[in-house]
2 protein chains.
Amino acid sequence: MTEPTENNPFAQSFDSLETLAETINEVLGCPVTIEDAGHRLLAYSAHDPHTDSARLATIVGRRVPENVIASLRRDGVIQRLADSLEPIRVPAIDEVGFSGRLAIAIRHKDAVLGYLWLLESGKTLGGRELALFKQAARAAADKMVRLQSARRKSREGLRDFMWMLLHGQFGSEAPIRDKAEQLGLALPAEWHVVVVQAAGAIDERAEQRLLDRVSASRSVRPVLHAVDRAQAILLCAPQLAGADRRAYAREAQAFFARLARGEEDGVPAAVGSSAFGQSYAETPARHREALAVLQTKRLFPRETERAFYYPDLGYYRFLPAIAAQSRAEVFRNESLVRLRAYDREHDANLLSTLATFLAHDSNAKTAAEALHVHSNTLSYRLKRIAEIGGIDLTDMDQKVSLYLALKAERLATDQKG
Amino acid sequence: MTEPTENNPFAQSFDSLETLAETINEVLGCPVTIEDAGHRLLAYSAHDPHTDSARLATIVGRRVPENVIASLRRDGVIQRLADSLEPIRVPAIDEVGFSGRLAIAIRHKDAVLGYLWLLESGKTLGGRELALFKQAARAAADKMVRLQSARRKSREGLRDFMWMLLHGQFGSEAPIRDKAEQLGLALPAEWHVVVVQAAGAIDERAEQRLLDRVSASRSVRPVLHAVDRAQAILLCAPQLAGADRRAYAREAQAFFARLARGEEDGVPAAVGSSAFGQSYAETPARHREALAVLQTKRLFPRETERAFYYPDLGYYRFLPAIAAQSRAEVFRNESLVRLRAYDREHDANLLSTLATFLAHDSNAKTAAEALHVHSNTLSYRLKRIAEIGGIDLTDMDQKVSLYLALKAERLATDQKG
DNA sequence: GGGCGCTTTGTGAAATCGCACAAAGTCACC
DNA sequence: GGTGACTTTGTGCGATTTCACAAAGCGCCC
């Protein structure tokens, strides 16, 4: 079954698909392109300057342009390639800048892994050359299978590493560095954990799309990643190692804000990031920070609309601890209890008025506007609030106490309900 | 040695010193007073209306008036009583309203436990009656020793109970109720734990003085108590069982405030109280609350000057948790870091200006006055603070974040230093 | 010593606030 | 159905605050 080795220049182990492409180019004297099944560019021969605009666009865009694919599909070329084990001569399609090609599907066990294209620049290949071309396709299939398996292994290794980091299974920094080196992974000096919360479970395709989008940001590099149901967990670092932290932080925030709003070629999703970390032994803490951002944004969407990094949460990051302590205590804030009782008995809005007033920085004008009441109404209510609740609304300590109590109550009720 | 029973009407077990006093009165036909060694009234016969003003004052004040004691001491009466085993006839001292008395020291093993006084109204006792008087003194000594031992036992039982409560050694409410019943102690429905912090270690005498003062408040009843070095720990409840909680809380606060300022016949001391509790199984938590009040008052004396009950601490009670979480986090508040750096480099006061401004409820006028600067100076500094720190000083959330961060920093530095 | 940036203080106009007062609506209670 | 307490909205005015601008002081660097 196998061809004799002496006649087959492709019966060797190639470093990469690039090397194979160059070898095909040398053997057959024509520009060569290797694509995967999704028409993404995998490799191409660079030596030959003769090329058409379709190939140029493919190389620049790392993918066959949509209109070229559409034309080939319309003409039945893709179908014929899928059906045939032999090379097919594809005629030119001038509208899309596609000059004629010799093409063959790269196959492995009935599945099409990709396509091998050859631009017959000027000449026409004969029978022996066609056989060589077929052998080249077989070599490409071989290499692609190997690469895929290597990539899968490497991906699995990195994924396992990420989970071990997230679960804090290393204890100290040294074994983390060792493991990273073993995986051939350069650990950046500064990094942060980003969690992207999708609407539903994230599959491998969606994860890959997300990673591609992040990489395409040109500033954020996803160093490691993992998926936990609807959450993608990314360990991110500056794309450029020497970049200014502040500048990077701004860019990353801007990028993930666009991503969250669905402006990055995807659906809107909630996004939260940890603070920047140096020690990788603290990955679990950073992960919790990113989750805390998500949780806080869920509970206080308006207040934390612009928050992305954990430190941006400000005092909101203390709320869980505050709420927990409040829950453990036997008493409730007397002022709030009284105001709530008054609201209940008189069908009033003192509590929400107080909350709005405080949230608007004790500014009577804006608070009245937000409540859609006359500023005198607010003034009157505040006087009642001060009376009934025994509150001095010019005392920062009292106001902060009330403000935090209100926030903690909201956290408590929202978490229960 | 012992006198024959048939001749000794005091050779029986008396219910109390009061019964003994009444019996002496019946046997000898004169008003009787029994005092302890400190001239505090222990018992007196009530049947006979003939009495002098010194005795009257003693009964009303539960103690022999100072001037009477001074006179007796000056005249060597006390000394003679201490030296003699026999009754002594004390002449009248008209200046202090003291008519003549028959007196004898109540002794036990060389120690004087107290004094027995007899007002010979009109008549003069003879030899047999003097012997009876001596027997009465011996009966008083006997009763006092028994009482003292019973009291000591009961006191020790209560002290042990208090410590068991404070250490949470009961687990649930039922065994606490059982133990209290066994000790003959009625547990009030609502109570609070008060900790009084003295300058130095509290001995038994000081503890007793404190308890007397609290009892004398007429509103606060110390139900149980314990001493831990310089801290007296009191479990207090309303003196009147049915009293209004609010009213009691106010009175207790007022009383302990006076006590703290040293206005209650003692040295100034720090005082803190827990919230009100119902479940005695939560005594340790209430104790911690009272200690938290003391600790907070130590760290933030000005801000918590008027706080007494734990709930009065407001958000200050969250500060330890906030400071602990901040300490665990890798980042510091960026705004404060930048402001501190600016202050250091330019010898400025932006940080303290911000702190003062926030503490004065964002009131430019009062904050400027507190800082001793022109209000425009403050305004200028605030503009700089907003610029350098990237702060919006009209945003309640940002202000609260900064305020808490400043407080937590202060807590952290004060606890370290 | 002069320039420059930062800071403080002073001044005045504009905006805002606090508050008194009035009118009218709501609701519970007699 | 009237009464009175509570609430909302409106008007107006004096006090206060805010803000922009100017002047001057201070310290640093060339």
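Residue numbers start from 1 in every chain, and the chains themselves are labelled A, B, ... in the order their sequence lines are given, proteins ahead of strands.
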| query | What's the closest nucleotide to the B:Tyr342 side chain, out of C:dT7, C:dT9, C:dC17? | reply | C:dT7
| message | Between the base of D:dT8 and the side chain of A:Asn376, is there a donor and acceptor pair under 3.5 angstrom? | response | no
| In whole angstroms, how far is the P atom of C:dC17 from the CG atom of B:Asn363? | 13 Å
| message | Whether the A:Asp347 and A:Tyr342 side chains hold a donor-acceptor pair (N or O, under 3.5 Å, no angle test) is what I'd like checked. | response | no
| note | Of the candidates C:dG10, D:dT8, D:dT17, the side chain of A:Thr377 sits closest to D:dT8
| request: Could you state the atom-to-atom distance from NE2 of A:His346 to C1' of D:dA5 in whole Å? | output: 9 Å
| task | Over 60° means perpendicular and under 30° means parallel, so classify the ring planes of A:Tyr310 and B:Phe331, tilted if in between. | result | perpendicular
| Whole Å only: how far is the CG atom of A:Leu382 from the P atom of D:dT8? | 11 Å
| query | Taking the side chain of B:Ala364 as its heavy atoms from C-beta onward, which of D:dT11, C:dT9, D:dT18 lies nearest to it? | reply | D:dT18
| On DNA chain D, nearest-nucleotide positions of B:Ser375 versus A:Ala348: which is more 5'? | A:Ala348
| request: Run the numbers on A:Tyr380 and A:His374 for ring pair (Phe, Tyr, Trp, His ring centres under 6.0 Å), then give the verdict. | output: CA-CA 10 Å; A:Tyr380 171 75; A:His374 194 277; over 10 Å; no
| request: Provide, to the nearest angstrom, the distance between the CG atom belonging to B:Leu393 and the C1' atom belonging to D:dT17. | output: 16 Å
| query | Does A:Arg381 put a side-chain nitrogen or oxygen below 4.0 Å from OP1 or OP2 of D:dT8? | reply | yes
| message | From C-beta outward on B:Lys383, which listed nucleotide comes closest to its side chain: C:dT9, D:dA20, D:dT18? | response | D:dA20
| said: Working to the nearest 0.5 angstrom, can you tell me the gap between A:Ile322 CD1 and A:Tyr315 OH? | reply: 8.5 Å
| query | Hey, does the side chain of B:Arg384 come within less than 4.0 Å of C:dC6's phosphate (OP1/OP2), counting only N and O? | reply | no
| query | B:Lys365 has an atom NZ; how far is it from atom P of D:dC19, in whole Å? | reply | 17 Å
| Within this structure, what is the CD-to-P distance between B:Glu369 and D:dT16, rounded to whole angstrom? | 12 Å
| Can you check whether A:Tyr380 has a side-chain N or O nearer than 4.0 Å to OP1 or OP2 of D:dT8? | no
| Between A:Asn349 (CG) and C:dT26 (P), how many Å, whole number? | 16 Å
| field | Between P of C:dC6 and CD1 of B:Ile385, the distance in whole Å | value | 16 Å
| request: Would you kindly say whether B:Ser279 and B:Glu173 are connected by a side-chain donor-acceptor distance under 3.5 Å? | output: yes
